[in-house]
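Here is the naming used below: chain letters follow the sequence lines, and residue numbers restart at 1 for every chain.
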Amino acid sequence: MVGEMLITVRFFASYADSLGLARTQLALDSGARVSDVLASVAQLPGATAIPKIPRVAVNHVFADIDTILQTGDEVAFIPPVAGG
Amino acid sequence: MVGEMLITVRFFASYADSLGLARTQLALDSGARVSDVLASVAQLPGATAIPKIPRVAVNHVFADIDTILQTGDEVAFIPPVAGG
Amino acid sequence: MRAAVVTNPIDVGSLILEVADDLHGATAIFIGTVRSTNEGREVREIEYTAYEEMAEREMSVILAEAGRAYEGAVLVAEHRIGLLAVGEASIAIAAAHGRRACALDALRYVIDEMKSRVPIWKREVYADGSQSWVDPTRVTAT
Amino acid sequence: MRAAVVTNPIDVGSLILEVADDLHGATAIFIGTVRSTNEGREVREIEYTAYEEMAEREMSVILAEAGRAYEGAVLVAEHRIGLLAVGEASIAIAAAHGRRACALDALRYVIDEMKSRVPIWKREVYADGSQSWVDPTRVTAT
């Protein structure tokens, strides 16, 4: 499949509870950005719990929605943190 | 001895070392102030180690040189503190 | 400089020993423990969950930042996850430095940044059995 | 609120337990230890002496001030006197509060005030056997 890449998407805490989903995979066209992942995720049932512009990490580093993805990247949706 | 009072005077650390003295008693006229104690102490051998206006405590509380003393009071000369 | 997400109880004494150093006269420590009440509700226990790989990475980054800002600081931080009872420590940070102001400032930097950046979440379980995820960004009435 | 001048080694763990409280989620601790060098000289040990009656009184006053400034703070402080080896703790302070900023601020207040007001002195004994009283008010070249 030329031009397709596989992205792992992870959800935590309240987001995972609302979606009933902690981890999934998306196939996106190459050159896709974090914003494309957001658009796909917004279609999922329970996605209303996730804000329009959520905090997102790519490969364990906070990233913005314009970040261009590579195949194999892990995109995580980060609810408001409450450690400490 | 009408009008006389006995004051305990204490020295610590470098002051005690310089004076070769940790504790003494002074007989002062009633109505005497901390400044009168300073004047007496200034006559002691080794008193040059004590600044003209040292930090002083009366009965375990920091006091200024105008403080009027009562018989039985304890006047302490406090070198620069270095706790912690 | 060691940052870890742990599942066993935190041993504060061993963290203090870990940063101890004969050249550093000042050690500052922060311990966060589970409180029995929050916003007027009686808390029975708290479940902490983490995005573990990222949490440890982010904690390490924060310690490195503090080490640069307060040169010479020796730092260690642990955050516990899983189910914690009231009074148990969820987080402990130790900072050693030659100057006490630097040890205290480094400590405050690390705890403040950890609270805002490390992907860890907590779900409070109340005395009545109900539970909810804590969202510190939500303004509350109390 | 307990302030003490002690001669035995300070047990930091017991101070932490002493301020622990299910309502207070934040505990901040400061430990001061004997450093192996000071102003470029190798220190072998330090002798701490105190005007004991006044030192305990002044420490208590400082804790009470911090308790008023950071309402609800639970505080304990110990200062050790006598001959201390390198690495041993001369001072430990623990502050617990419901809010971490208050615990940290109360801790800093207590250590800063203790350093400037409590009548305790230290004589450093150097590797070459010489010794001198430490005067923090004297400006030094280093």
Side-chain angles (χ1 to χ4, degrees), chain B residues 6-26 33-35 37-38 40-42 44-84, chain D residues 3-6 10 30-35 38-39 43 46-62 77-82 84 89-93 107-108 110-124 131-140:
Chain B
L6 225 50
I7 302 297
T8 298
V9 186
R10 295 182 67 178
F11 306 102
F12 296 92
S14 57
Y15 295 174
D17 280 1
S18 293
L19 295 164
L21 188 71
R23 180 193 290 261
T24 188
Q25 286 205 313
L26 290 179
R33 297 168 188 260
V34 166
S35 52
V37 176
L38 299 191
S40 281
V41 166
L44 296 174
T48 49
I50 301 177
K52 282 221 152 56
I53 314 266
R55 216 166 172 189
V56 166
V58 175
N59 300 336
H60 313 144
V61 180
F62 286 113
D64 64 40
I65 60 168
D66 293 327
T67 304
I68 296 175
L69 299 170
Q70 309 291 333
T71 193
D73 279 355
E74 178 169 298
V75 177
F77 286 68
I78 310 289
V81 303
Chain D
V5 173
V6 301
I10 296 173
F30 179 84
I31 308 168
T33 50
V34 175
R35 284 188 298 169
N38 189 22
E39 296 176 10
V43 174
I46 292 184
E47 186 195 351
Y48 281 92
T49 69
Y51 181 13
E52 286 188 49
E53 312 91 297
M54 180 173 171
E56 287 202 340
R57 186 196 166 281
E58 196 68 18
M59 286 165 68
S60 296
V61 168
I62 292 166
E78 289 190 357
H79 200 300
R80 187 175 167 196
I81 57 171
L84 274 70
S90 53
I91 187 171
I93 303 158
L107 178 69
R108 185 182 294 248
V110 172
I111 178 63
D112 285 353
E113 291 300 307
M114 281 187 65
K115 285 263 185 185
S116 74
R117 289 161 52 184
V118 175
I120 293 182
W121 302 274
K122 64 179 171 188
R123 192 202 318 248
E124 290 179 337
Q131 35 184 263
S132 83
W133 292 103
V134 175
D135 179 355
T137 65
R138 215 179 45 207
V139 179
T140 58

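Between chain B and the residues D/T49, D/V61, D/I93, D/I91, the most heavy-atom pairs under 4.5 angstrom are made by D/I91.
Within the 4.5 Å cutoff, the side chain of D/P119 has no heavy atoms near those of the B/F12 side chain. A heavy-atom distance below 4.5 Å is found between the side chains of D/M54 and B/I78.
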side-chain contact (heavy atoms from CB on, under 4.5 Å) assessment of B/V61 paired with D/E58
CA-CA 8 Å; B/V61 180; D/E58 196 68 18; over 6 Å; no
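Formation of a donor-acceptor pair under 3.5 Å by the D/Y48 side chain with backbone atoms of B/G84 is found in this model. Not one N or O on the side chain of D/W121 forms a donor-acceptor pair closer than 3.5 Å with the backbone of B/G83.
D/R117 and B/V81 make their closest contact through N-CG2, 4.2 Å (heavy atoms, listed as atom of the first residue, atom of the second, distance).
No part of D/T33 comes within reach of chain B, as not one of its non-hydrogen atoms sits under 4.5 angstrom from that chain. If you measure heavy-atom distances from D/A50 to chain B, the contacts under 4.5 Å come from the backbone alone.
Taking the six-membered ring where the residue is Trp, B/H60 and D/Y51 present perpendicular rings, their angle passing 60° and hence far from 30°.
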